[in-house]
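This report concerns only the one structure given below.
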Amino acid sequence: MHSIIPAPARVDRPGGNPVELRAGDVVTWSDSALEPLADRFVRDVDRVCGLRLGAGPAAAGVIDVALVERVPEFDSLPRTHGVSPTGGDPIDERYHLSVRDGRIRIAGTRSEGVHRALTSLIQLIGVLPDGAGGVQLTPIEIHDAPRYAWRGLSLDVVRRFMPAAEVRQVVDQLARFKMNVLHLHLTDSQGWRLEIGQRPRLTEVGGATAMGDRPGGFYTRQDYRDLVEYAADRFVTVVPEIDLPGHSAAALAAYPELRPAGATSEALDPAVPGTMDFVREVLTEVAALTPGAYLHVGGDEVFGMDDDAYRRFVTETHAIVHELGKRPVSWQESARAGAASVSQYWMDGPADVSMLENAAAHGIDIPAEMLPSIEHSLRQARGDAALALAAGATILLSPSTLIYLDNPYTEAGAPEQEERRARLGLPLYQGTTVESAADWEPLDVHNDIDAEEQIAGIEAALWCETVDRFEDAQFLMQPRLAGAAERAWSPAGPFDWTDYAARLAAQAPLWRRDGWDFFRSGAVDWA
Ligand code: TNX
């Protein structure tokens, strides 16, 4: 038993005496490129358990971190599939962590691997009782590699604006669970969250609103650059989403000249003069602000738009992204336009009118004139994966029945949290449990997705219609974000709930010290 989530690919128990860490012990590094990693590790250890370590270049500290050419045991680790959010093939995140014979040694071929190893060590240390006076670690030997190269969270910062300080806490959680993508859903009908120099009204108007009477807010270009940098320091790549052509009421309110005549829809229309110039201007700025390889251009839920107009819009928008030197990601519906690149699959629920009946039963009012086009879209959903693959895309898995974190929790939790459990999450979903978020097999999600080569990676999503405060978002995210991370990183194989629940329980002290308000599921015996 150990306390690491996601479970490493290979764990051995060498036996021998525990390794002691005391205040003043030093983390030493082989290469100055590792200095910032060692420094941050020292700060993190202090934060999670009060133990004050030092860091420096001298050899033979108690904790030694090194970049190496090769680790022979890596050859027998499963290979990493999917696409790297920084562009191209997966980068080498493999690491070796050895806790034995009085020392801790860490090796990777790149900083990424060393960083993942230090993250595992934080989880081993963080579960121990208060460490100010020193901690004792049981000997362990880990060789690890991720299953997928893209392990992310899509975060809705529109329905409820999330100030940068909160987003940084989300990045910390992603890094803790070895996730490497923060997909920021920056625009939607209820608001626009990123300052665009050429189009100031987007945030003058759209930055002032959110869902209902919640306060608005937006990121200045400098806020955004700072966030991207904060994330990059933790090996998390920001993938910005400008949701087009649907979900665009905020953009249309800011620039009413783009509104299609007489339309009730909230979608941009490529036939309206100036629309594609608007798209180009916005995406040009977003591309310039974003060092990552990918831009997300939405494409979801464009109800009431003619199929040909949708196809034209998506094709032109993807072409713009390529011209800007980036790669497009878009929601699964854009496969209907033959769009390649990365297709984000989410509609794995009942793709029929039962979902709409469910909405009505929960008092969610869908205008009668919208029903035919919603049904039209739902009926096509099962075929989207095959279309995407035929166009040469890879699939980013975000199945809503499994890892949409705005599902209500269906198992009972701590009594004092039951009011929140009832209030949070969209009632039109069937709900998930802590177990169901972790116990699923990516290759079993959809009939047409049956080979690892077809999968780009895994992304959980948090939509914030029911989120009023940051604590609500924390509650919906954890512990299910940890489950998505386990699926994205750990090797395929049978799922052992007892083992997983014990590792999950061990996270509680770390969450408490983080000030992170997690759901205390009754199915877990929390530490
Ligand atoms: C569908 S998922 C949406 C979002 C909602 C979400 C609620 C997707 C691509 N679009 O606009 O917030 O359902 O879970």
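If you read the sequence from its start, that first residue is 1, and numbering goes on from there. Whatever order the structure lists them in is the order used to number ligands and atoms, beginning at 1.
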So, 4.0 Å and heavy atoms of R159: is ligand 1 close enough to count as a contact?
yes
How far is atom 14 (O) of ligand 1 from its nearest protein heavy atom, and which residue and atom name does that atom have?
Y429 OH, 2.5 Å
If you measure from each non-hydrogen atom of L426 to ligand 1, which part falls under 4.0 Å: side chain, backbone, both or neither?
side chain
Of the protein's non-hydrogen atoms, which lies at the shortest distance from atom 2 (S) of ligand 1, and what is that distance?
Y404 OH, 2.6 Å
Nearest-contact summary for atom 10 (N) of ligand 1 - protein heavy atom, Å
D300 OD2, 2.9 Å
In the structure I gave you, are the side-chain heavy atoms of D300 and E333 within less than 4.5 Å of one another anywhere?
yes
Report yes if the side chains of N180 and R116 come closer than 4.5 Å at any heavy-atom pair, otherwise no.
yes
Run the ring-centre check on H185 versus W331 and record whether the distance is less than 6.0 Å.
no
for atom 3 (C) of ligand 1, nearest protein heavy atom and its distance come out as E301 OE1, 3.2 Å
With heavy-atom distances below 4.0 Å as the criterion, list the atoms of ligand 1 near H247.
11 (O)
For F218 and Y224, I'd like to know if the aromatic rings sit close, meaning centre-to-centre distance below 6.0 Å.
no
Would you mind telling me if ligand 1 is within reach of the side chain of Q344, the backbone, both or neither, using heavy atoms under 4.0 Å?
neither
Is the distance between the ring centroids of W463 and Y429 under 6.0 Å?
no
Does M347 come within less than 4.0 angstrom of ligand 1, counting non-hydrogen atoms of the residue?
no
Look at the aromatic rings of W150 and Y294 and report parallel, tilted or perpendicular, splitting at 30° and 60°.
perpendicular
Please confirm whether R336 makes a cation-pi placement over Y310, using NZ or CZ under 6.0 Å from the six-membered ring centre and within 45° of the ring normal.
no
Residue pair L289 / V228, side-chain heavy-atom distance below 4.5 Å
no
Can you name the atoms of ligand 1, numbered from 1 with element, that are less than 4.0 Å from a heavy atom of D406?
7 (C), 14 (O)
Which residue and non-hydrogen atom of the protein lie closest to atom 12 (O) of ligand 1, and at what distance in Å?
E465 OE2, 2.6 Å
